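Along the sequence shown, residues carry numbers from 1. The model shown is predicted, which means the values in this text are computed figures rather than measured ones.
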Amino acid sequence: QVQLVESGGGLVQAGGSLRLSCAASGRTFSTRAMGWFRQAPGKERNFVATINSSGRFTHILDSVKGRFAISRDNAKSTVYLQMNSLKPEDTAVYYCAARSSISTSADENDYDYWGQGTQVTVSS
């Protein structure tokens with residue numbers, strides 16, 4: 001079992017930055033690709049970013065490319081989502097997820113473990 005705990009969400013003005021963290025339990029973190037997804041009010045959950053187990057390969061949603069970055073620290077069993085130049089449309093609950101594979105994926109069905117989510121609200 002893997003438990004994921006997100007932190008770092010909050011209220012920020014448009015143009016501001018936030019850094020989300022997701023701490024994983026267990027000893028298998030370094031063998032798992034990780035992902036960030038988000039769900040805006042009244043909408044489905046969507047892919048944001050993914051990173052492979054070593055951290056060498058990443059894939060970012062086109063609409064946030066250049067503003068968001070995903071990274072990981074395997075020594076700390078933590079994955080991060082750096083969000084810059086935030087816009088009101090980035091407002092959502094952000095979820096961290098882990099998969100039982102070393103490879104990246106943008107498909108939420110490929111993920112086996114999910115965190116509880118952290119709220120990000122961007123005011124205009």
Side-chain angles (χ1 to χ4, degrees):
Q1 287 285 347
V2 176
Q3 292 187 326
L4 303 173
V5 179
E6 302 101 333
S7 62
L11 173 64
V12 63
Q13 287 188 333
S17 297
L18 284 174
R19 187 197 197 198
L20 305 184
S21 299
C22 172
S25 67
R27 300 181 178 182
T28 62
F29 181 79
S30 63
T31 67
R32 297 182 182 276
M34 301 295 293
W36 285 98
F37 294 77
R38 66 185 180 184
Q39 186 168 21
K43 296 188 177 180
E44 294 183 347
R45 188 162 58 188
N46 291 316
F47 166 77
V48 177
T50 180
I51 188 167
N52 78 323
S53 59
S54 70
R56 182 177 179 185
F57 300 106
T58 64
H59 174 46
I60 308 289
L61 178 69
D62 283 348
S63 63
V64 303
K65 203 170 287 186
R67 299 191 296 121
F68 289 15
I70 186 171
S71 62
R72 67 189 294 158
D73 185 338
N74 284 348
K76 296 182 178 180
S77 297
T78 301
V79 62
Y80 304 97
L81 185 68
Q82 179 67 45
M83 305 185 296
N84 300 325
S85 302
L86 282 161
K87 303 176 181 180
E89 52 263 44
D90 296 318
T91 294
V93 177
Y94 283 72
Y95 296 92
C96 169
R99 59 180 311 223
S100 299
S101 168
I102 63 172
S103 302
T104 60
S105 175
D107 185 346
E108 66 173 28
N109 294 311
D110 288 339
Y111 289 82
D112 304 292
Y113 302 98
W114 292 84
Q116 293 298 308
T118 186
Q119 177 70 47
V120 172
T121 303
V122 184
S123 64
S124 56

* If you round to the nearest 0.5 Å, how far is SG of C22 from CZ of F29? -> 7.0 Å

* **From E44 atom CD to Q39 atom CD, the distance as rounded to the nearest 0.5 Å** => 8.5 Å

* Does a side-chain heavy-atom distance below 4.5 Å link I70 with I60? -> yes

* Write down the atom of A24, the atom of V2, and the distance for their closest heavy-atom approach. => CB-CG1, 4.3 Å

* Gap between atom CZ of R56 and atom CD1 of I102 - 0.5 Å precision -> 11.5 Å

* Asked: Considering all heavy atoms of both residues, which atom of S54 and which atom of N74 are nearest to each other, and what is their separation?
  -> CA-ND2, 4.4 Å

* Between G26 and S77, what is the shortest heavy-atom contact and its length? -> O-OG, 4.5 Å

* Check the pair C96, W36 against side chain to side chain contact (heavy atoms under 4.5 Å, CB included), reporting the backbone distance first and the verdict last. => CA-CA 5 Å; C96 169; W36 285 98; 3.9 Å; yes

* Donor on one side chain, acceptor on other, Y111 and T50, under 3.5 Å -> yes

* To do: Rounded to the nearest 0.5 Å, what's the gap from OG1 on T58 to CE on M34? Could you check?
  => 14.5 Å

* Which word best sums up how the rings of F47 and H59 line up, parallel for under 30°, tilted for 30 to 60°, or perpendicular for over 60°? -> parallel

* Does the E6 side chain pair with the main chain of G117, one donor and one acceptor, at a distance under 3.5 Å? -> yes

* To do: Using the side chain to side chain contact (heavy atoms under 4.5 Å, CB included) rule, pick out the option among D90, L81, N84 that qualifies with V64.
  => D90

* I would like to know whether M83 and V12 meet side chain to side chain contact (heavy atoms under 4.5 Å, CB included); could you show each step before the answer? => CA-CA 11 Å; M83 305 185 296; V12 63; over 6 Å; no

* To do: Taking R72 for its side chain and G55 for its backbone only, find out whether a donor-acceptor pair lies under 3.5 Å.
  => no

* To do: For atom CD of Q116, decide whether the heavy atoms of other residues, nucleotides or ligands shown that lie under 6.0 angstrom number more than 12.
  => no

* Crowding at CG, L11 (>12 non-hydrogen neighbours, <6.0 Å) -> yes

* Would you say T91's side chain and V122's backbone share a donor-acceptor pair under 3.5 angstrom? -> yes

* Structure fact -> In short, S30 meets S53 closest at the heavy-atom pair O-CB, 3.3 Å

* Counting distance only, does the side-chain N/O of D110 pair as donor-acceptor with the main-chain N or O of S105 below 3.5 Å? -> no

* To do: Might you point out which heavy atoms bring T78 and S21 nearest each other, and give the distance in Å?
  => CG2-CB, 4.2 Å

* To do: Count the heavy atoms of every other residue, nucleotide or ligand shown that sit under 6.0 Å from NZ of K76, and state whether that count exceeds 12.
  => no

* Step through the shown structure and confirm whether more than 12 heavy atoms of other residues, nucleotides or ligands are within 6.0 Å of CD on Q119. => yes

* Asked: Is the backbone of A69 close enough, under 3.5 Å, to the side chain of Y80 for a donor and an acceptor to pair up by distance?
  -> no

* Structure fact -> Between R67 and S85, the two heavy atoms sitting closest are NH1-O, 2.9 Å

* **Spacing of CZ belonging to R32 relative to OG belonging to S100, to within rounding of 0.5 Å** => 4.0 Å

* Straight-line distance of S124 OG to K87 NZ, nearest 0.5 Å -> 14.0 Å

* Asked: Can you tell if the side chain of L61 reaches within under 4.5 Å of the side chain of N46, non-hydrogen atoms only?
  -> no

* Asked: Are side-chain heavy atoms of F68 and L86 found at a separation under 4.5 Å?
  -> yes

